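We count residues from 1, following the sequence as given. On a predicted model such as this, the values are computed, not experimentally measured, just so you know. Each ligand, and each atom within it, is numbered from 1 in the order the structure gives.
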Amino acid sequence: MTEGGSQRHSQRSHGLRPYALRCDHRTTPLGIGESAPLLSWRLAAGEKTPRGNAPVAYRVDVAEDPDGPSHWDTGRVEDTGATGVGYAGPPLRPRTRYHWRVTVWAASGGAESAESWFETGLGEGEWRASWIARDWTAVDVVDPPEEGERALDSHGLSPSPLLRREFTAPMTPVRARLYVSARGLYEVRVNGERAGDAELAPGWTDYRHRIQYQAYDVTELVREGANALAVTLADGWWSGYVGFDPRRAGAHYGTFPQLIAQLHLDYPDGSADVVGTDETWRAARGPIRYADLLMGECHDARYTVDGWDRPGFDDGGWEAARVADTDTSLLVASVDEPVRALGELPPAEIRKVGPETHLVDFGQNFAGRVRLTVRGLAPGRRVVLRHAEALDEDGSLYVTNLRTAAATDVLIGRGDDTVVFEPRFTYHGFRYAEVTGLPELDAADVTGVVLHSDTPWAGAFDCSDPGVRRLHHNITWGQRSNFVSVPTDCPQRDERLGWLADAQVFLPTACLNADVAAFFAKWTRDVLDAQSPDGGFPNVAPRLAGVADEGAPGWGDAGVLVPWHLYRVYGDERFLACSLDAMGAWVDLIHRHNPDLIWRTKVGPHFADWLSLGRPTPREVVATAYFARSAELTARAARVLGDGRADRYAALAADVRRAFIEEFVSADGRIEGDTQTAYLLALAFELLPGELADPAGKRLAALVEEAGPRLSTGFLGVGLIAPVLDGLDRPDLVHALLGRTEQPSWLYPLRHGATTIWERWDGYTDEGGFQAPAMNSFNHYALGSVGEWLYRGLAGLDQAPDSVAYGDLVIRPRPFTPPEVSGAEPSWAEAAYESPRGRIGVRWERADGRFQLDLTVPPGATATVHLPVPRTWDVREGDDPVGDAPGVEIVGSEPAAEERSFVCRVSSGEYRFLARRTE
Ligand code: RAM
């Protein structure tokens, strides 16, 4: 990239700096499979950048050798709105690192560049390795208890096999790449060192359709001479317990785990070598007597095989690995980042509750596991770790809500001085761990290890109300705990499934908290894999036999709503392109079965407004509202893609809306069922024309108000109540609902020490104690979908309804109390968000007679700013009266809020608005 590379791009300025370079929404991914990856960037304004500075053009240059010629060069592309470009150069070669540079020209003049790289994975037909295994299910491996030992319940699971092979490298490679996957879970080591930091790899997909592999750069680990590849396998989702059928480990995919791996070595002399899994590998059992996602893991140190993962180990006594299969057709490169250990929690408290039993409170409900350092554990002696989210009345672990998930880890000693025990192939949802088997337990020896899919944090929110701040905290922990390879409903009980509605309702919140583009790019494929041939989306993805196959209203519809929302947030049209046919097929299916446009049949298990309170919303109302919404979004998706089906789906959506009104809505705007969610769906999905929307909105507000104010919504209504009431110009009601601490409310669980969002409004009540244990998770994010409004509403960080990738912002804070109300407590809220265009920042502060707003609008974006103050107030921006401030244009107030709102338009830059009461 010299010639025509760095020199070409060397004009420096205080213009706009590209940063956060991504390839297919990931930072420097190794081993991508996409032939036309999206290369994207965000922009930061330099300190001297003038207001309103915007990008005018970009150039992307891709080269194999950063100092060599370009492989692809877009040349200068005049584009003021680009946040990325799809690669469209000559075919990418497999297993090749491409360096790329983006240069952005700013309106202020000058250009700035940034560099990154991505690497391609295995090419077509390059998998030559075989699936290998040691199938213990065929032999009796139930270890008889040793003298004086209690029998160990292995839940019918088999030991985790160790697989190894040595090879000789004639010289130190310049480059070594390891491509690995498993039917099951794997951990791979090269010469005793772990390759990479992926946990629970290769993650969960429907292994009958697609199996992701991971790529590792192991150049530093391979050396001249003898080398060892060493892998531990475990059952995981492939052959372990999945979902809620406790007797069926291995019932869904396979019965024993299998490994596939291929190591590519490139030597300095230009020669190359490939080492793959085949029948020459050796197999033996290791210390893991069983490992299962739901049941837990048992590590029996007496079976430790010292040195097995290093070269020179004598594996003569081991068996030959068995080649289980040679079909590599389902292997695909990973499109998401793996699960990683992304946090550590020290114990908040340790209580000794028995001679050898301690109760550890980590102070936070989370998904992960415990790392425990144990000294001098005698051979055969056990340390048992049990996990729970809550404590029973008597202070012991409350585990009945885990249902059949044993969630128990066991360490069996062999007399080592020190053992650091951290299970590798399981995870639990817990706040408390009970450790039995140790007379003493030092806080320094216990750590909570937080596991979740690596989705870079993108949002921050805070405000002056401690309850709401805590609510946001709990929402983020619900997200961390449940984005574990797939978006799960809960991390603790025997379920942990990718429920579609849960994901759909929480997605807007999730996108504001973190960059979930790659995570959902992967899950969108899981949803597509799960679509039935007739067009039916499922209720859970990956689809799982026996779990209510036929997608229910609001659940199946996630197949439409999720890609649409991802497109709006990230601006990547491929979210729509890869799903459009599937969206259309889903809408057609509902239409075919419901020719009168009221969705009554093909409703699957019809969960309606799941876990709502009081009078239920009629099922047809919920379903038909979703039918209209899915048809409408399919039409919009088709329109974005320039697809000819747009008009047909738009017309269908209009027909369904008409049918909805005819069937369910009376002339005074009353909707059948007269529940909060009935109105919420109709208003949020814009099913009603103005003359009906007005009275319907008033009725909704009255229903909420008369009830307390109080909400009665379940999973489908809960995320809509704040935005809809707010849209009705009733933020006061939203604040009343938010501030409520009686049950049901978002803050009620805080009274019982909640650190995550509960599955149910009444998971625990003062009167009744715990809800029925059959369904009572304390870590379910669905009811936390109000999190979106904390950013969009309370802090006021939003994008316009027709904006994509935050190109046109709406900054409209909703302070807790209107600024003109004298005597109200001073209050503030702030939110920051790493949008695809760059950082957006909002902070407002109100005190009696004063309102201040600090705002950052990223380069290239514009914003409509609504200051919640009367027109009569004195408004300044910086040192200037707002009318004279550079880059600020007063556009008048909203007619409906004439007296209460001051509106202006701004372009990119930093602003400080200060409004003061005048008299
Ligand atoms: C529960 C799940 C999930 C919900 C379904 C209908 O078992 O936990 O949250 O979507 O039921």
Side-chain angles (χ1 to χ4, degrees), residues 204 241-246 293-294 365 367 389-390 400-405 407 428-429 474-475 477-479 481-484 486-507 509-510 523 526-527 530 536-559 561-562 603-613 616-617 619 622-623 626 677 681 713-720 744 749 756-763 770-787:
W204 189 13
Y241 289 94
V242 187
F244 33 52
D245 189 343
L293 295 169
L294 300 181
N365 200 3
E389 295 182 288
T400 40
N401 70 331
L402 307 185
R403 304 195 303 217
T404 65
H428 315 292
N474 291 4
I475 290 169
W477 278 92
Q479 178 163 342
S481 315
N482 282 298
F483 282 12
V484 180
V486 307
T488 61
D489 57 333
C490 56
Q492 74 298 89
R493 69 183 178 216
D494 56 356
E495 187 152 358
R496 315 182 189 185
L497 300 175
W499 285 97
L500 267 74
D502 305 44
Q504 176 260 110
V505 301
F506 189 68
L507 181 67
T509 303
W523 191 66
D526 294 336
V527 173
F537 283 124
N539 289 299
V540 298
R543 184 186 276 274
L544 210 62
V547 184
D549 273 356
E550 194 174 284
W555 271 251
D557 295 287
L561 276 71
V562 167
V603 290
H606 212 321
F607 301 113
D609 187 23
W610 187 244
L611 300 183
S612 64
L613 302 167
T617 306
R619 292 151 58 105
V622 172
Y626 266 99
T677 292
L681 293 172
T713 48
F715 279 25
L716 298 183
V718 67
L720 306 177
T756 39
I757 302 297
W758 294 356
E759 176 174 25
R760 318 177 73 125
W761 295 115
D762 54 358
F770 288 110
Q771 248 283 0
M775 215 184 71
N776 195 25
S777 140
F778 292 102
N779 203 350
H780 241 71
Y781 50 54
L783 297 184
S785 46
V786 66

If only atom types and distance count, is the side chain of Arg543 paired as donor or acceptor with the main-chain N or O of Ala530 below 3.5 Å?
yes

Between Trp523 (side chain only) and Ala541 (backbone N and O only), is there a donor and an acceptor less than 3.5 Å apart?
yes

Distance-only, no hydrogens or angles: does the Asp494 side chain make a donor-acceptor pair with backbone N or O of Thr404 under 3.5 Å?
yes

Shortest non-hydrogen contact between Leu716 and Gln504, atoms and distance
CD2-NE2, 4.2 Å

Give me the ring orientation class for Tyr781 and Phe506: parallel if the planes are under 30° apart, tilted from 30 to 60°, perpendicular past 60°.
parallel

Modelled atom types, side-chain donor and acceptor of Asn401 and Glu389, under 3.5 Å:
yes

Check if Phe244 has a non-hydrogen atom at a distance under 4.0 Å from any atom of ligand 1.
no

Atoms of ligand 1 close to Glu759 [distance to a heavy atom under 4.0 angstrom, numbered from 1]:
8 (O)

Among all protein non-hydrogen atoms, which one is nearest to atom 8 (O) of ligand 1, and what is the separation to 0.1 Å?
Asp489 OD2, 2.6 Å

Under a 4.0 angstrom heavy-atom cut-off, which atoms of ligand 1 come close to His780?
2 (C), 3 (C), 8 (O), 9 (O)

Any atoms of ligand 1 less than 4.0 Å from a non-hydrogen atom of Trp610? List them with their elements.
4 (C), 5 (C), 6 (C), 11 (O)

Which of the numbered atoms in ligand 1 are below 4.0 angstrom from a heavy atom of Phe607?
6 (C)

Considering only heavy atoms, does Gln504 approach ligand 1 within less than 4.0 Å through its side chain, its backbone, both, or neither?
neither

Can the ring centres of Phe715 and Trp499 be said to be less than 6.0 Å apart?
no

Quick one: look up the protein heavy atom nearest atom 3 (C) of ligand 1 and list residue, atom name and how far away it is.
Asp502 OD2, 3.4 Å

Considering heavy atoms of the protein only, find what lies nearest to atom 7 (O) of ligand 1 and give residue, atom and distance to 0.1 Å.
Glu495 OE2, 2.8 Å

